[in-house]
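Written out below as structure tokens is the structure these notes cover.
Sequential numbering from 1 along the given sequence is applied to the chain's residues.
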Amino acid sequence: MNAYLLICKESLKAMRSVHAMVLCAVFVALNVLLGSFTIEIGKILEISFTSLAAAACSYCCGPFLGAIGGVAADLIKFMMRPSIFFIGFTFNELLLGLIYGFAFYHKPITWKRVIITRAIVTVVLNLILTSLWLNMLYGSALFAAIRVWKNILLFPIECFMLYTILKTCERVAPALLRKKQ
């Protein structure tokens with residue numbers, strides 16, 4: 001519990017840093033850019049790489065800026081490509097930033113940490129909440145079965161990409177976060 005309080009304290013401290021906010025804005029822009037390369041398979045199924053930018057943001061800037069960045073990216077993507085706005089998906093982005101931030105901020109990147117965190121994101125956000133939001137929007141529970149298969153197939157690929165991105169951030173982040181004097 002103390003470790004989470006320390007992460008909260010450090011993350012709140014990062015929110016007062018202009019340097020961290022600018023870095024968060026860069027990751028938001030990257031998230032929006034990756035969102036434009038989303039592969040849509042019908043109305044209810046899509047493959048996206050935006051969570052990689054969200055993970056990098058949360059790793060470098062902490063859970064709170066990661067959550068704010070996720071919400072900002074979701075709202076910007078909606079404004080760029082208007083469709084049905086549903087606050088549940090924005091809530092998912094907020095939770096994604098928090099989960100990645102608490103899992104990765106100021107912590108070493110290991111396969112175990114990446115797999116467990118990605119499993120939490122997959123089950124809680126992708127399978128439970130997103131399926132709930134889609135059911136609320138479209139009134140059909142059929143989406144859940146299709147989503148389960150998609151998430152099972154993509155899980156190892158997403159873990160590999162997440163590990164690769166975060167290991168890169170682990171090497172590059174000290175230079176990005178170093179304050180100029």
Review point. Which heavy atom in Ile68 sits nearest to a heavy atom in Met15, and how many Å separate them?
Key: CD1-CE, 3.4 Å
Study note, to complete from the structure: d(Cys57 SG, Leu30 CG) to nearest 0.5 Å is 10.0 Å
Review point. Should we say atom NZ of Lys9 is surrounded by more than 12 heavy atoms from elsewhere, each under 6.0 Å from it?
Key: no
Check your understanding: Is a donor on one side and an acceptor on the other found under 3.5 Å between the side chain of Arg118 and the backbone of Glu158?
Key -> no
Review point. Is it true that the side chains of Asn151 and Thr122 contain a donor and an acceptor less than 3.5 Å apart?
Key: no
Review point. Out of curiosity, Phe86 CZ to Leu134 CG, how far, rounded to the nearest 0.5 Å?
Key: 9.0 Å
Practice item. Determine the minimum heavy-atom distance between Phe27 and Ala56, stating which atoms define it. Key: CE2-CB, 3.4 Å
Point to revise | Minimum heavy-atom distance Thr130-Asn92, with the two atoms named | key: OG1-ND2, 2.9 Å
Review point. Val26 and Met21: same hydrophobic cluster, using ILVMFWY side-chain contacts below 4.5 Å?
Key: no
Practice item. Check Leu34 against Thr50 and note the closest heavy-atom contact, atom names and distance. Key: C-CG2, 3.9 Å
**Study point:** Enclosure of Trp149 CH2 (heavy-atom neighbours >12, cutoff 6.0 Å)
**Key:** no
Review point. Are Ile120 and Trp133 joined in one hydrophobic group, where the rule is that I, L, V, M, F, W and Y side chains link up if heavy atoms are under 4.5 Å apart?
Key: yes
Point to revise | Spacing of CG belonging to Leu166 relative to CZ belonging to Arg171, to within rounding of 0.5 Å | key: 11.5 Å
Review point. Are side-chain heavy atoms of Met80 and Lys77 found at a separation under 4.5 Å?
Key: no
Review point. If we only count heavy atoms from C-beta on, is the Ile99 to Leu125 side-chain gap below 4.5 Å?
Key: yes
Check your understanding: Are side-chain heavy atoms of Leu95 and Leu129 found at a separation under 4.5 Å?
Key -> yes
Tabulate below the donor-acceptor pairs under 3.5 Å that side-chain atoms of residues 58-67 make, not counting sequence neighbours, or state none.
| unit_1 | atom_1 | unit_2 | atom_2 | d |
| --- | --- | --- | --- | --- |
| Ser58 | OG | Ala54 | O | 3.1 |
| Ser58 | OG | Gly97 | O | 3.0 |

Exercise for review: Please report the shortest heavy-atom distance between Leu162 and Ala55, naming the atom on each side.
Suggested key: CD1-CB, 3.3 Å
**Study point:** same_hphob_cluster(Leu94, Leu12) at 4.5 Å side-chain heavy-atom cutoff
**Key:** yes
**Study point:** Check: Ser131 side chain, Ile128 main-chain N or O, donor-acceptor pair, under 3.5 Å
**Key:** no
Review point. So, for Arg147 and Leu127, which heavy atoms are closest and what is the spacing to 0.1 Å?
Key: O-CD2, 3.7 Å
Exercise for review: To the nearest 0.5 angstrom, please state how far the CG atom of Asn31 sits from the OG atom of Ser36.
Suggested key: 10.5 Å
Point to revise | Partners passing ring pair (Phe, Tyr, Trp, His ring centres under 6.0 Å) against Phe78 (at least two apart in sequence or in another chain) | key: Phe85
Exercise for review: Taking the side chain as every heavy atom from C-beta outward, state whether Ile7 and Lys107 have any atom pair closer than 4.5 Å.
Suggested key: yes
Practice item. State plainly whether one hydrophobic cluster holds both Leu98 and Ile87, where clusters connect Ile, Leu, Val, Met, Phe, Trp and Tyr through side-chain heavy atoms under 4.5 angstrom apart. Key: yes
Check your understanding: When the aromatic ring centroids of Phe160 and Tyr163 are compared, is their separation below 6.0 Å?
Key -> no
Exercise for review: Could you tell me whether the side chain of Ser51 reaches within less than 4.5 Å of the side chain of Leu96, counting heavy atoms only?
Suggested key: yes
**Study point:** Phe89/Leu137 under side-chain contact (heavy atoms from CB on, under 4.5 Å): CA gap, chis, key distance, verdict
**Key:** CA-CA 11 Å; Phe89 298 122; Leu137 280 172; 3.6 Å; yes
Exercise for review: Taking Arg113 for its side chain and Phe104 for its backbone only, find out whether a donor-acceptor pair lies under 3.5 Å.
Suggested key: no
Check your understanding: Would Ile39 end up clustered with Leu153 when hydrophobic side chains under 4.5 Å apart are linked, directly or stepwise?
Key -> no
Review point. Going by heavy atoms in the side chains, are Val71 and Phe91 under 4.5 Å from each other?
Key: no
Check your understanding: Considering residues at least two apart in sequence or located in another chain, which fulfil the ring pair (Phe, Tyr, Trp, His ring centres under 6.0 Å) criterion with Phe102?
Key -> Tyr4
Exercise for review: Please check if any side-chain donor atom of Asn126 sits under 3.5 Å from a side-chain acceptor atom of Lys150, or the reverse.
Suggested key: no
